[in-house]
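Data block below; observations after.
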Amino acid sequence: MPNSKPLIPKGLRPGSRIGIAAPAGHFNPDKFATGIKVLENSGFKPFIPSRLTTRKGYLAGSDIHRAEMIQRLFADPSVDAILCARGGYGSMRILPLLDFAAIRNNPKIFIGFSDITALLTVLYTRCALVTYHGPVVTSLGMASTRTGASLTAAVSCDQRITIEPQNGFVLKPGAAVGPVIGGNLTILSHLLGTPFMPRYDGHLLFLEDCDEKPYRIDRMLTQMRISGCLDGITGLFLGEFKDCGSIDMIKAIITDIFQDMTIPIMGGFNIGHGRTNLTLPIGLLARLDTESRLLSYQEPAVS
């Protein structure tokens, strides 16, 4: 956990310039074009760097190419925010290549989810930068209106965000406060044992995933519990577990693995791989309350 106060990026305004990065997999050009139109219709000006469509196998170019793209966008004073084109796979590969001091000196909004979890958590833990778990360009065209509205509100409004799960459920009652950390379970579990594994103690942990069988969800969570990395979390809340088996099975796995922890656990948040993917600031102080069934941030998501 960063020792310094989190860096809350400046909020966006109509006409703000959003740089597009591709730190992971290559992307579908039609879905990308549709997402760019959504950004433009929301009043933003997308900036598409040269060679964004570079490909190397299943990746959007070489590791050095993808890392340098991130660095250039953070360093460019004309870019107000960075939105990832797609998840897929590849973000972990560029972590050793990033200049975190340079990024910290040029803080700005950074948005993505799924594989981008690796960057969201590491930019927070290494740079103390508040990041934003939200849609990527290729998911925006198919997303619900709530997704777009949530993204715009999170990055442009200086009001405190409150998120209520549409189909909320409580596995353990209670209330807890802490900075929010987390994202895709698969990515977080694969950061274990690396120099980039975040510290979770004192945090509210958020988890989501897609296309993972229940036994794999169990295996990843068990590995994290046995490692001890989750011992100090203050609370746990769950987003979408799309195509991961029945929700009752997911509930049973979570309840079993966290049975010895006296923390509030709540699920049903529309965050992750569903059509509605609400934007969730990472690194910002929030309160999880199972009685009111709310996640309430204690400070605005942008400065």
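Side chains of Phe269 and Leu278 form no contact here, defined as non-hydrogen atoms less than 4.5 Å apart. Side-chain contact between Cys210 and Glu240 is absent, with no heavy-atom pair separated by less than 4.5 Å. At least one side-chain heavy atom of Phe113 sits under 4.5 Å from a side-chain heavy atom of Asn277. The shortest distance between side-chain heavy atoms of Ile217 and Met249 does not fall below 4.5 Å. Looking at heavy atoms from C-beta onward, Val302 lies out of side-chain contact with Leu12 at the 4.5 angstrom threshold. Residues Thr152 and Phe44 meet the side-chain proximity criterion, which asks for heavy atoms closer than 4.5 Å. Pro195 places a side-chain heavy atom less than 4.5 Å from the side chain of Arg126. Residues Val155 and Ile18 have side chains not in contact (no heavy-atom distance under 4.5 Å, counting atoms from C-beta outward).
In the hydrophobic clustering of ILVMFWY residues, with side-chain heavy atoms under 4.5 Å counting as a link, Leu204 and Leu285 come out apart. Tyr89 is not connected to Leu98 by any chain of hydrophobic side-chain contacts under 4.5 Å among Ile, Leu, Val, Met, Phe, Trp and Tyr, and they are in different clusters. Cluster annotation: Leu207 is connected to Met220 through the hydrophobic network of ILVMFWY side chains, with a link wherever side-chain heavy atoms come within less than 4.5 Å. Under the 4.5 Å side-chain heavy-atom criterion for grouping Ile, Leu, Val, Met, Phe, Trp and Tyr, Phe237 is not connected to Leu294 through any hydrophobic cluster. Follow the hydrophobic side-chain contacts under 4.5 Å out from Val79 and you reach Leu123 in the same cluster.
Residues passing the side-chain hydrogen bond (donor to acceptor under 3.5 Å, both in side chains) test with Asp231: none are found, sequence neighbours excluded.
Although no hydrogens or angles enter the test, the distance criterion places no donor-acceptor pair under 3.5 Å between the side chain of Lys31 and the main chain of Met142. Within the 3.5 Å criterion, the main-chain N or O of Thr162 finds no donor-acceptor partner in the side chain of Ser296. Of the possible polar contacts, none joining the Arg86 side chain to the Val137 backbone as a donor-acceptor pair under 3.5 Å is found. Side-chain atoms of Asp76 do not come within 3.5 Å of backbone N or O of Arg72 as any donor-acceptor pair. For the pair Asp115 (side chain) and Gly90 (backbone), a donor-acceptor distance under 3.5 Å is present. When atom types are taken as modelled, the side chain of Thr222 and the backbone of Arg219 share no donor-acceptor pair closer than 3.5 angstrom. Judged by distance alone, the side chain of Thr194 and the main-chain N or O of Phe196 form a donor-acceptor pair under 3.5 Å. For Arg66 (side chain) and Ile94 (main-chain N/O), no donor-acceptor pair under 3.5 Å exists by modelled atom type. Formation of a donor-acceptor pair under 3.5 Å by the His133 side chain with backbone atoms of Ile271 is not found in this model. Judged purely by atom type and a 3.5 angstrom limit, Arg104 uses its side chain to pair as donor or acceptor with the backbone of Cys127.
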Point to revise | From CA spacing to verdict: side chain to side chain contact (heavy atoms under 4.5 Å, CB included), Ile48, Phe32 | key: CA-CA 11 Å; Ile48 302 174; Phe32 181 81; 3.8 Å; yes

Practice item. For Leu205 and Ile263, run side chain to side chain contact (heavy atoms under 4.5 Å, CB included): C-alpha distance rounded to whole Å, both residues' side-chain angles, the deciding distance at 0.1 Å, then the answer. Key: CA-CA 11 Å; Leu205 177 64; Ile263 57 170; over 6 Å; no

**Study point:** Audit row: Tyr132, Leu120, side chain to side chain contact (heavy atoms under 4.5 Å, CB included) steps and yes/no
**Key:** CA-CA 7 Å; Tyr132 302 81; Leu120 298 176; 5.7 Å; no

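The OH atom of Tyr200 lies 9.0 Å from the OG1 atom of Thr125; values are rounded to the nearest 0.5 Å. Interatomic distance, Arg287 CZ to Arg160 CZ, rounded to the nearest 0.5 Å: 13.0 Å. The distance from the OG1 atom of Thr234 to the CG atom of Leu236 is 10.0 Å, given to the nearest 0.5 Å. To the nearest 0.5 Å, atoms OG1 (Thr290) and CG (Leu288) are separated by 7.0 Å. Distance CG/Asp201 to CG/Leu230: 10.5 Å, rounded to 0.5 Å. Annotation: the span from Leu7 atom CG to Leu129 atom CG amounts to 6.0 Å, rounded to 0.5 Å.
Note on ring orientation: taking the six-membered ring where Trp is involved, the planes of His203 and Tyr124 are perpendicular (angle over 60°, cut-offs 30° and 60°). The aromatic rings of Phe74 and Phe110 sit parallel, their planes meeting at an angle under 30°, below the 60° perpendicular limit.
Side-chain polar atoms of Asp248 and Ser246 form no donor-acceptor pair below 3.5 angstrom. In this model, a donor atom of one side chain and an acceptor atom of the other lie less than 3.5 Å apart for Ser78 and Arg17. Looking at Thr147 and Ser144, their side chains do bring a donor and an acceptor atom within 3.5 Å of each other.
Of all heavy-atom pairs spanning Asp218 and Ile253, the tightest one is CA-CG2, 3.8 Å. Scanning both residues, Ala301 and Ile8, for their nearest heavy atoms gives O-CG2, 3.5 Å. Nearest approach of Arg293 to Pro165, heavy atoms of both residues: O-CD, 3.2 Å. Looking at every heavy atom in both residues, Ala22 comes nearest to Met69 through N-SD, 3.3 Å. When all heavy atoms of Gly11 and Ile109 are compared, the closest pair comes out as CA-CD1, 4.4 Å. The nearest pair of heavy atoms linking Ile116 to Ala24 is CD1-CB, 4.4 Å.
Shown here is Arg55, whose CZ atom has no more than 12 heavy atoms of other residues, nucleotides or ligands within 6.0 Å.
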Enumerate donor-acceptor pairs with a distance under 3.5 Å from any side-chain N or O in residues 166-193 to protein atoms, sequence neighbours excluded.
residue	atom	partner	partner atom	Å
Lys172	NZ	Phe258	O	2.8
Lys172	NZ	Gln259	O	2.9
Lys172	NZ	Met261	O	2.4
Asn184	OD1	Thr186	N	3.2
Asn184	OD1	Ile187	N	3.1
Asn184	ND2	Glu208	OE2	3.2
Asn184	ND2	Asp209	OD1	3.2
Thr186	OG1	Asp209	OD1	3.4
Thr186	OG1	Asp209	OD2	2.8
Thr186	OG1	Glu212	OE2	3.2
Ser189	OG	Leu185	O	3.4
Ser189	OG	Thr186	O	2.8
His190	ND1	Thr186	O	2.7

